[in-house]
Peer 1: 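Please see the structure below; I have some questions.
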Amino acid sequence: MTSAARTQSFPARDYDLTATFTSGQTFRWQRQGSHWTGVIGNRWVRLHADSCSIVAETAQPTADWSWLADYLQVHLDLGAVLQTFPQDEPMRAAVSAYRGLRLLRQDPWECLASFILSSTKQITQIQQIISLLCGRYGEAVAVPAAHDSICAFPSPARLAQVPEAELRACKMGFRAPFLLATARSIAEGQFDLRRLHSLPLEAARAELMTLPGVGRKIADCVLLFAFGCPRAFPVDVWVTKALRQLYFPRRQVRPAALQEFAGAHFGPNAGYAQQYLFHYMRTSRSRRDGRLQGSGA
DNA sequence: GCCCAGGTGAAGC
DNA sequence: GCTTCACATGGG
């Protein structure tokens, strides 16, 4: 017998909520002190972590918490994943800096739409665009007394009805027609995100890349962050910088060669390794400015 | 003012 | 095939 409660504790070691929520895989979590507030599906959630567990609070009594365990991937043996990383100096440094950084298992539509909006935008700006989008077109979700109101991520059907000019007013610029066309394709049933679960990585990636505004990088983000494909390896400007600086200092390496190197070098959890590299690269001025030495140098 | 940001698609060679 | 460019907008 499971009774419904508004709080639940998940045993979890090595879980750094701050690194996880600020590492650019998701854009809506907000910090209040040691607590993080967000919306998963249509549920308000507040989390905080102590040394051996994550404590969750919802707005309404909840009997089945599997949706949250799945989102947070609390059952994942992080140590086993980290052991599959290459034992080179860049990875050791990145893991040492942010051990406890996790990959979430996000809703495919929210993840896809968010990354369509991400192209050549800084993370703070992506957060702002998505906040406007949710506030204007998302449905309000139940919130505990004395907490700020908050909305769910708008559905494809809802966004499909929004005029392009209104989307542009959410500061998304040239990304608006891409988001709109993708929302319509999904809302009208031409594109079925659920079908991707049954496809191998390469086929799922090819399917995603048929959507307007979705190229290799965004497809890999969705495959990694929403579909749990551990080998998906998004290569953005930061990862490009990390790979060049840490693995190919003072050499010209073309993007295709970097992608090929990544697929061969980082192992079965390459996507996880990529997230550590991305966050590590972005969070240090010396690394951003390229003053860090390469692996063997 | 200038360069850049979790890119993509289309046009030009 | 590959390289270059336009596309909005705001942070640093």
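All figures in this text were calculated on a predicted structure; none of them were measured in a lab. Naming: A, B, ... by sequence-line order, numbering from 1 per chain.
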Peer 1: Looking only at atom P, what distance separates dG6(B) and dA6(C), rounded to whole Å?
Peer 2: 22 Å
Peer 1: Cluster partners of Val143(A), using ILVMFWY side-chain heavy atoms under 4.5 angstrom, listed by chain and number?
Peer 2: Val39(A), Trp44(A), Val141(A), Ile150(A)
Peer 1: What I'd like to find out is whether the side chain of Asp107(A) reaches to under 4.5 Å of the side chain of Ile40(A), using heavy atoms alone.
Peer 2: no
Peer 1: Can you sort out the partners of Phe227(A) under ring pair (Phe, Tyr, Trp, His ring centres under 6.0 Å), two or more places apart, ordered by chain and number?
Peer 2: His197(A)
Peer 1: Does Phe278(A) lie flat on the base of dG6(B), that is, centres under 5.5 Å apart and planes under 30° off?
Peer 2: yes
Peer 1: My understanding is that only residues two or more places apart in sequence, or in another chain, count here; which of them pass salt bridge (Lys or Arg N to Asp or Glu O under 4.0 Å) with Arg168(A)?
Peer 2: Glu164(A)
Peer 1: Between dC5(C) and dC4(B), how far is it from one P atom to the other, in whole Å?
Peer 2: 15 Å
Peer 1: Enumerate the residues from residues 258-271 of chain A whose closest heavy atom to DNA chain C is under 4.0 Å, giving them by residue number; use none for an empty result.
Peer 2: none
Peer 1: Not counting sequence neighbours, list each pair that qualifies as a side chain to side chain donor-acceptor pair (under 3.5 Å) and has a residue in residues 261-277 of chain A.
Peer 2: Ser23(A)-Gln275(A), Thr84(A)-Asn269(A), Asp88(A)-His265(A)
Peer 1: Who passes side-chain contact (heavy atoms from CB on, under 4.5 Å) against Glu207(A), sequence neighbours left out?
Peer 2: Phe191(A), Arg195(A), Leu196(A), Leu199(A)
Peer 1: Quick test of your reading: applying side chain to side chain donor-acceptor pair (under 3.5 Å), list the pairs with at least one residue in residues 217-234 of chain A, sequence neighbours left out, ordered by first then second residue.
Peer 2: Arg205(A)-Asp220(A), Arg216(A)-Asp220(A)
Peer 1: For Arg194(A), what residues pass the salt bridge (Lys or Arg N to Asp or Glu O under 4.0 Å) criterion, not counting sequence neighbours?
Peer 2: Asp192(A)
Peer 1: Show me, range against range, the stems involving DNA chain B, built from at least 3 consecutive Watson-Crick or G-U pairs below 3.5 Å.
Peer 2: B:2-5 with C:9-12, B:7-13 with C:1-7
Peer 1: Does any N or O donor sit under 3.5 Å from an N or O acceptor when you compare the side chain of Gln125(A) with the base of dG6(B)?
Peer 2: no
Peer 1: Record whether the side chain of Gln274(A) comes under 3.5 Å of the base of dG6(B) through a donor-acceptor pair of N or O atoms.
Peer 2: yes
Peer 1: Round to a whole Å and report the spacing from CZ of Arg168(A) to P of dC7(C).
Peer 2: 10 Å
Peer 1: Roughly how many Å is it from CD in Gln25(A) to C1' in dG6(B), rounded to a whole number?
Peer 2: 12 Å
Peer 1: At a cut-off of 3.5 Å, list every protein nitrogen or oxygen paired with a nitrogen or oxygen from nucleotides 8-11 of chain B, distance to 0.1 Å.
Peer 2:
unit_1	atom_1	unit_2	atom_2	d
dT8(B)	OP1	Gly215(A)	N	2.7
dT8(B)	OP1	Gly215(A)	O	3.1
dT8(B)	OP1	Lys217(A)	N	3.4
dT8(B)	OP1	Ile218(A)	N	3.0
dG9(B)	OP1	Gly213(A)	N	3.1

Peer 1: Can you tell me the distance, in whole Å, between the CD atom of Gln106(A) and the P atom of dG6(B)?
Peer 2: 16 Å
Peer 1: Going by atom type alone, with no hydrogens or angles, which donor-acceptor pairs under 3.5 Å involve a side-chain atom of residues 253-264 of chain A and a protein atom two or more places apart or on another chain?
Peer 2:
unit_1	atom_1	unit_2	atom_2	d
Gln259(A)	NE2	Phe233(A)	O	3.1

Peer 1: Thinking salt bridges, do Asp14(A) and Arg99(A) make one under a 4.0 Å N-O criterion?
Peer 2: yes
Peer 1: If we take the P atom in both dG11(C) and dT8(B), what is their distance in whole Å?
Peer 2: 23 Å
Peer 1: Could you give all pairs that pass the side chain to side chain donor-acceptor pair (under 3.5 Å) test and reach residues 26-35 of chain A, with sequence neighbours left out?
Peer 2: Trp29(A)-Tyr71(A), Gln32(A)-Thr37(A), His35(A)-His48(A)
Peer 1: Taking the same atom, P, in dG9(B) and in dG10(C), what whole-Å distance lies between them?
Peer 2: 24 Å
